[in-house]
2 protein chains.
Amino acid sequence: MQTETEPLVLDEIDRKILAELQEDGRMTNVELARRAGISPPPCLRRVRRLEEAGYIKGYHADTDGHKLGWQIAFFVIVGLESQKLSVLEAFEALVATWPEVRECHMIRGGGDFLLKLVARDAAHENQLTQRLTNAAHVARVQTLQTIRTSRALSGVPMDRLYG
Amino acid sequence: MQTETEPLVLDEIDRKILAELQEDGRMTNVELARRAGISPPPCLRRVRRLEEAGYIKGYHADTDGHKLGWQIAFFVIVGLESQKLSVLEAFEALVATWPEVRECHMIRGGGDFLLKLVARDAAHENQLTQRLTNAAHVARVQTLQTIRTSRALSGVPMDRLYG
DNA sequence: ATATAGACGCAATATAATTGCGCGGGCGCG
DNA sequence: CGCGCCCGCGCAATTATATTGCGTCTATAT
């Protein structure tokens, strides 16, 4: 789950395992083995191998943000007034300290970021966008409020892979 | 994990459980109980309760898309030329059939979507944006290519919650 | 003050995870 | 073409975890 070694050659069974764990990460190894068509011991060894090689980076419960009091999810495109590495890194370091920032993607080669945030309510959202606007070297802030999410798949398609 | 009942009153232990499972969804119940400060049986009962009430929607392995042959991740802002419900739903239904579309968020009240996609390579990415551009009722397509992702947290902050 | 519901932990049982090991197939070398 | 080696499999045994039943305790409402 951390060791990060060489690239592996994955076969059909490995892909099936990845697909199943992407879908249900808490499935028992017995059930996983059944679905993969092999017995539990080699199945577990494959899972461990995938974890150690970094193909599986971790496992996460998918929680209901709305029920947990995070009524709002939104994206923000942030433009910085500089493309200097130090400025970019400072911005990343800053937002990394905000728990409401769940994702931070650098886009278009530098100077711009796409963030995904959550907020407890509209006031909280405004506070967050204000904080972003006032942050050092921030030139532009465009908010994309999520009205509804019709699809939110984790991971990648597991059909026709290279691996 | 699906039954969806009433809202629950969550206490500190429930929040700890959610936080831990959000962080490591495959943790054993014994370890989870240890961290939550209670014994395994009530811990498991709490987890089941959280699943059944929909606070935990599922568990997913976090796979390495890059290693699995999906070199490119990108976002696309799609503007439709109509805000008619039938058009919006048709668009959602269309992209729901594309495995490369991992997320689809309706933004700004209608007519616009933010999608997250993955592609095997640049040619594949171009093909996807072309397909989007040519889709019915699509007026505008803006691509936000991800250069690097400095943060990608799952779920929501689990501090100071309501529940 | 007392009955009641809810949550806990212990103990027992059922399952699952993990390890050791021998077997058999595929591959490369002689 | 045959021989051995390496790898991955499955079985069987062991250890650990998940799950269930149940008696107890505490906070709450009557």
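Predicted model only: the values in this text are computed from it and were never measured. A, B, ... follow the sequence lines: proteins, then strands. Residue 1 opens every chain.
Hydrophobic cluster membership differs between B:Val138 and B:Ile77, with clusters built from Ile, Leu, Val, Met, Phe, Trp and Tyr side chains linked at under 4.5 angstrom. When the side chains of ILVMFWY residues are joined at heavy-atom separations under 4.5 Å, either directly or via intervening members, A:Leu21 and A:Leu10 end up in a single hydrophobic cluster. Residues A:Phe75 and B:Met106 do not share a hydrophobic cluster, defined by chaining ILVMFWY side chains whose heavy atoms lie under 4.5 Å apart. A single hydrophobic cluster is not seen to contain both A:Trp70 and B:Leu114; linkage of ILVMFWY side chains at heavy-atom distances under 4.5 Å, directly or through other members, places them apart.
Using a 4.5 Å cut-off on side-chain heavy atoms (C-beta onward), B:Arg34 and B:Pro40 make no contact.
Pairing analysis of DNA chain D (Watson-Crick: purine N1 to pyrimidine N3 plus N6-O4 or O6-N4; G-U wobble: N1-O2 and O6-N3; both under 3.5 Å) yields stems of 3 or more pairs at C:1-30 with D:1-30.
One atom, CG of A:Asp11, and another, C1' of C:dG26, lie 14 Å apart when rounded to the nearest Å.
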Detail all sub-3.5 Å separations between protein N/O atoms and N/O atoms belonging to nucleotides 20-23 of chain C.
none

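Side-chain atoms of B:Arg151 come within 3.5 Å of backbone atoms of A:Val101 as a donor-acceptor pair (strictly under, hydrogens ignored). With hydrogens and angles disregarded, a donor-acceptor distance shorter than 3.5 Å links the side chain of B:Asp14 to the backbone of B:Asp11.
Residues passing the side chain to side chain contact (heavy atoms under 4.5 Å, CB included) test with B:Ala90: none are found, sequence neighbours excluded. Residues satisfying the side chain to side chain contact (heavy atoms under 4.5 Å, CB included) test with A:Ile72, not counting sequence neighbours, are A:Phe74, A:Ala119, A:Ala122, A:Glu125, A:Gln145.
B:Arg35 has no carboxylate O lying under 4.0 Å from a charged side-chain N of B:Glu23, or vice versa, which leaves the two without a salt bridge. The pair A:Glu12-A:Lys16 does not meet the salt-bridge criterion, since no charged nitrogen lies less than 4.0 angstrom from a carboxylate oxygen.
Scanning DNA chain D 5' to 3' for nucleotides with an atom closer than 4.0 angstrom to a non-hydrogen atom of chain A gives a first and last hit of D:dG8 to D:dA12.
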- Note on the structure: In B/S/- notation (B base, S sugar-phosphate only, - none; protein heavy atoms under 4.0 Å), nucleotides 12-17 of chain C written 5' to 3' is ----SS
- Could you go step by step and tell me if A:Gln71 and A:His66 meet the side chain to side chain contact (heavy atoms under 4.5 Å, CB included) rule? CA-CA 5 Å; A:Gln71 307 290 316; A:His66 200 271; 3.1 Å; yes
